[in-house]
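By convention in this document, chain letters (A, B, ...) are assigned in the order of the sequence lines, proteins followed by strands, and residues within each chain are numbered from 1.
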2 protein chains.
Amino acid sequence: MEDELLKIKEDIIQGLGRFSAFAGFNKITGQIYGLLYLNREPLALGQIAEQLDVSKGNVSLNVRIMERWGLIRRFNKRGDRRDYYEAETDFWKVIRGILTERDKKEVEYTMDSVTDSLAAIGKLDAAAQTDEAVFYKERLEHMQEFGDTIAEMSRAFLALDNFRVSSLSRLGLGRV
Amino acid sequence: MEDELLKIKEDIIQGLGRFSAFAGFNKITGQIYGLLYLNREPLALGQIAEQLDVSKGNVSLNVRIMERWGLIRRFNKRGDRRDYYEAETDFWKVIRGILTERDKKEVEYTMDSVTDSLAAIGKLDAAAQTDEAVFYKERLEHMQEFGDTIAEMSRAFLALDNFRVSSLSRLGLGRV
DNA sequence: TTATACGTTTAAAACTTTTTAAACGACAGG
DNA sequence: CCTGTCGTTTAAAAAGTTTTAAACGTATAA
């Protein structure tokens, strides 16, 4: 392979590794993605480990999560018992997977604690409805409203398919 | 203070601590925010440390970043040399701060590496324009397009102010 | 001047996450 | 049956991060 291309591949792999760590995954996740994304042929687990110069165990751990989140796809070839992986190139699908599999749960979990707290305040008897309690209620309701709006926007975002996204940007969402 | 309220405060502090760690900050950041958010009065650095039962140094480190990202505001009272902090309660401001101060840079950094790689491919001489090179070009351009769309959507999002957000959701963005 | 109350810095300790190497079980081909 | 090749699991090592305690500098007040 052309030397220059090899350098490019390496740059992208490292760049995505860095980004991946920033985005809350680990570095290897991004590197695996980068490697597969710039490979016309799918790669087997062992090949990934070899090319990235990390242990098979590490790759094994990472591909499992990546598959669950829809970052890559696993498949088999007949007469070959290795597991092959290829990158999901539909980025909207990828984002959708992460938002619904990972982020959604965590946000809901947090908002549930707000809801619970508000319910607890509501159940206080009249004597306990102090200024402090009212203040808490206001603040938590404000937080809940925000959470609801975010949830609603996420739903809207997730409902967009690729075609709609591109038409949306062509319409100039910036001037809504 | 009412015992029940104390428990609520603690729950919210822990909940936001957890969320904060998930969102790429550290746990203390979320806890500080939660404490200040449920405090009518601003608190001094030492008081925060005491109430959260962590060292002053830890709080000092965290409030600096939080202030930069617009999560909290610092101010002084005359005749009192302590630094007081209060939570920024405008969540859109907070999100805007984080997206522009933290996330924007990291995304741009990543996309720059894609742009650089594409430029490098463009500069290859005719002999080096192999199938492989063409494949790289396609994939990287695809990635760049996606990045551009995300950047555009972010800009649109950041341009929304609170009023516009609420009217947007009332209009039912979900059916765009 | 000395003592005290601040916030910051620092180097080390504690903790968490990531990574590895090696052991393992399954399975295919001889 | 062996033997070698897979992917997974595991326990330990390595690396990274968070947290602390203590030292420090500055300012204020006695």
Looking at the side chain of B/Lys56, which of D/dT8, C/dT19, C/dG7 is the nearest nucleotide?
C/dG7

Comparing A/Ile28 with A/Gly79, nearest DNA chain C nucleotide closer to 5' gives the residue A/Ile28

Length of the CG-P vector between B/Asp83 and C/dA5, whole Å
17 Å

Check the phosphate of C/dT18 against A/Asn62, side-chain N and O only, distance under 4.0 Å to OP1 or OP2. Yes or no?
no

Closer than 4.0 angstrom, basic N to acidic O: yes or no for A/Glu67 and A/Arg73?
no

Would you say A/Arg82 reaches D/dG4's phosphate, i.e. side-chain N/O to OP1/OP2 under 4.0 Å?
no

The residue, B/Asp53 or A/Gly57, whose nearest nucleotide of DNA chain D is more 5′ is A/Gly57

Base C/dA5 paired with B/Arg81 side chain (donor-acceptor, <3.5 Å)
yes

Below 4.0 angstrom from OP1 or OP2 of D/dT8, is there any side-chain N or O of A/Asn58?
no

Specify the separation, in whole Å, of atom NZ of A/Lys27 and atom P of D/dG16.
7 Å

Return the residues of residues 41-51 of chain B meeting this criterion: a heavy atom under 4.0 Å from some atom of DNA chain C. Order them by number, or give none.
B/Leu45, B/Gly46

Contact under 4.0 Å: A/Ser55 side-chain N or O vs C/dT19 OP1/OP2:
no

Heavy atoms under 4.0 Å, any strand shown: does B/Val54 hit a base, just sugar-phosphate, or nothing?
sugar-phosphate

Basic-acidic side-chain contact under 4.0 Å: A/Asp3, A/Lys7:
no

Can we say B/Arg18 and A/Glu106 salt-bridge, meaning some charged N sits less than 4.0 Å from an Asp/Glu carboxylate O?
yes

Please say whether the positively charged group of B/Arg96, taken as NZ for Lys or CZ for Arg, lies over the ring of B/Phe157, i.e. under 6.0 angstrom from the six-membered ring centre and within 45 degrees of the axis.
no

Relative to each other, are the rings of A/His142 and B/Phe91 parallel, tilted or perpendicular (30° and 60° limits)?
parallel

Residue pair B/Thr89 / B/Tyr37: nearest heavy atoms and the distance that separates them
CG2-CE1, 3.9 Å

